[in-house]
Amino acid sequence: MCGIIAYHGRRQAAPILVNGLRRLEYRGYDSAGLAIRGAAFDVRKRTGKVAELESSLPAKMPGTIGIAHTRWATHGGVTDENAHPHLGPEQRVAIVHNGIIENASRIRRHLERQGATFRSETDSEVIAHRLEQAVAKGQTPVDAMRTALKGLRGTWGICALFLDHDELVCARNGSPLVLGETEHGLIVTSDPQPLAEHTDRVIILEDGDIAAFGKGGLAIERLEGGQSGTSPITLEESWGEAELGDYPHYMLKEIYEQPDALRHCISGRLNAKTGNARLGGMHLTAKQLRKVPHVRLLGCGTALNAALIGQQLIERLARIPAVAHVSSEFRYQDPVVNPEALHFAVSQSGETMDTIAAIKEIQLKGGDVHGVVNVVGSTIARLCGQGVYMHSGPEQSVASTKAFSNMVAALTIFAMQIGRARQLSANEARVLAKGLQEVPDLIERYLADPGPIDDAVAMVLEAPSLLFLGRGLSANVAKEGALKVMELTYIPCLAYPAGEMKHGPIALLEEGRPVVVVAPDDAVKDKVASAIHECKARGARIILVCTEGDELAQEADVAIEVPRTHPLCSPLLTVLPLQLMAYRTALALDLDVDRPRNLAKSVTVE
Ligand code: AGP
């Protein structure tokens, strides 16, 4: 979603800002803009890609102080006027804002009654108006920010510039802002990645912080007064710029990065000789793990699908109840939280607002949450303060692929760790550990020759909608496949546990309708075979993902075979053809693979 980059220093601001905007593109956006502070603000903003904004900029935009933004529309349509930065009425203040001001309409009406006119439909513009009013009354920029934020409801990450003051002022409440002090000035961003090329020492603002940078250096205070408690940290894992290399799209690159990403995730956490598994960041002894009454996992989208797989693995290997929850529903169900239970928040970006809200609900009720997160130093990682990094490396494509695999792998390792502390035999664990360690090589082998994906794509292209079926672990792989195809191709997709098909979705079946079935060679394969027969009896055509050499392939119109693996590792193989199918179908439809319409990489609003 929206991204911020701001600069105050000795270098020319525009190139730093444009470069930063490029590094924020992966978050998803519909317009972009920047403002450079000179004798007046030079504001350039427009809908479309950063490259379009860049090519519309004058050859020179002199100035060493500026703010920039990528916008993902919430309040107001996708228009040039609604793009950020926004100026105050007299154009003496410029702001960029991430988040949502929930009571903006009321404030706007109030300002309009005082004679204000607005240039955009956004909620953010009210902040620029209030700030300008406050500085016009003689308040310092920091005090003006305090005044402007008073009574606002919602979330914000704000950077503001003032014509009459040589200061960059930032404020955070719910939308991250990261500060990097370099030898030539201060850079502020909404996620650490654009900072990586400038510095690895960063300060992550806490909710309620206000930071000001000017001639006197950097000062960080609390909204209510007093010093902030935040302090500089070193980014442990600097991702640098994710280059496309020879790949046409990030999604394809990330699909093909899965073997190495998995190796990083597994490395040092599994011992195939003893069958022991250990996630360092869990800080839980075997004694503590034995006492865990149940496990709850939280996630959205792909992270939820991975959590659903984790749920099954934990129950299966540790013999304790485990349940995965849709993060966005969690706190509204007024959940009962057992402080003795183990909670996991699964998130690639570590910035998903729905999951953050669920974590806060658990913490409020006395529970502890462990993060399973990719982005180091992200809000969820810091909010949980414990857990594991999944080490996928940067995932730029909006459609998550390698993060899914590493979420599943990390949760498999945890299931083994808690399993060994409880019921799981060393022998069973050794076999699984060996199986998991072999997966990266098997993925490499599959991706070298992925089978008849294009035949499947040809069937999908003709379909008005698609049904995905699977059972056991594969029911969740089917969900992940449906999500992937739907978000990339905009074809309506429905995923069901195969046994549920006859209770409703069977009504959709008709002559020629494709059904995607995920059926690796596991304990429930024969049950899935029955569902295949039921589909075929109604004229449906089957796209089957199955284990190499399985006779079940003969039942399919298109059979995509994946290498045999330990049945509990099968999701890591069976998901691959579905990722490729989604990718190639989107290509065939000439759609934007890496940035599907309406979607954002990190969903930072509720
Ligand atoms: C995945 O392809 C999606 N783009 C989306 O469902 C995503 O998984 C979801 O928004 C959760 O994001 P997170 O992992 O960063 O929390």
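Computed from a prediction, not measured in an experiment: that's the story for all the values here. Remember, it's 1-based here, ligands and their atoms both numbered in the order they're listed.
- Checked options Asp209, Asn98, Asp207; the residue passing with Arg172 is Asp207 (criterion: side-chain hydrogen bond (donor to acceptor under 3.5 Å, both in side chains)).
- In terms of protein heavy-atom proximity, atom 8 (O) of ligand 1 is nearest to Thr302 N, 3.1 Å.
- Between Tyr247 and Tyr256, the angle of the ring planes lies from 30° to 60°, which puts this pair in the tilted group.
- With respect to Arg153 and Asp123, no salt bridge is recorded, no charged nitrogen being found less than 4.0 Å from a carboxylate O.
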(request) Could you go through the salt bridge (Lys or Arg N to Asp or Glu O under 4.0 Å) check for Arg595 and Asp30 one step at a time? (result) CA-CA 10 Å; Arg595 313 210 191 294; Asp30 44 54; over 6 Å; no
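- Of all protein heavy atoms, the one lying nearest to atom 2 (O) of ligand 1 is Glu487 OE2, 2.4 Å.
- Considering backbone and side-chain N/O of Lys601, none are found under 3.5 Å from N/O of ligand 1.
- Between the side chain of Asp522 and the backbone N or O of Pro567 there is no donor-acceptor pair closer than 3.5 Å.
- Considering only non-hydrogen atoms, atom 13 (P) of ligand 1 lies nearest to Thr352 out of Val375, Val603, Leu599, Thr352.
- Close contacts of ligand 1 with Lys484, meaning ligand atoms under 4.0 Å from a residue heavy atom, involve 1 (C), 2 (O).
- In this structure, atom 14 (O) of ligand 1 lies nearest to the protein heavy atom Gln348 N, 2.7 Å.
- Here the CD1 atom belonging to Ile4 is positioned 7.5 Å from the NE2 atom belonging to His97, to the nearest 0.5 angstrom.
- Within the 6.0 Å centre-distance limit, the rings of His69 and His84 are counted as a close aromatic pair.
- Those atoms of ligand 1 with a heavy atom of Ala303 less than 4.0 angstrom away are 8 (O), 14 (O).
- Of the protein's heavy atoms, Ser349 OG, 2.6 Å lies nearest to atom 15 (O) of ligand 1.
- Between Arg23 and Glu197 a salt bridge is recorded (basic side-chain N to carboxylate O distance below 4.0 Å).
- For atom 6 (O) of ligand 1, the closest non-hydrogen atom on the protein side is Gly301 CA, 3.2 Å.
- Residue Thr355 has no N or O atom closer than 3.5 Å to an N or O atom of ligand 1.
- On a distance-only criterion, Val398 and ligand 1 share at least one N/O pair closer than 3.5 Å.
- Counting the atoms of ligand 1 from 1 in the order shown, those under 4.0 Å from a heavy atom of Ala399 are 2 (O).
- Residue Ser400 approaches ligand 1 through these ligand atoms, each under 4.0 Å from one of its heavy atoms: 1 (C), 2 (O).
- Each of Glu487, Glu351, Glu25, Glu395 was scored for a salt bridge (Lys or Arg N to Asp or Glu O under 4.0 Å) with Lys601, with one residue passing: Glu395.
- Summary of contacts: the protein heavy atom closest to atom 11 (C) of ligand 1 is Cys300 O, 3.3 Å.
- Within the 4.0 Å heavy-atom criterion, neither part of Glu351 lies near ligand 1.
- Within 6.0 Å of NE2 in His264 there are 12 or fewer heavy atoms belonging to other residues, nucleotides or ligands.
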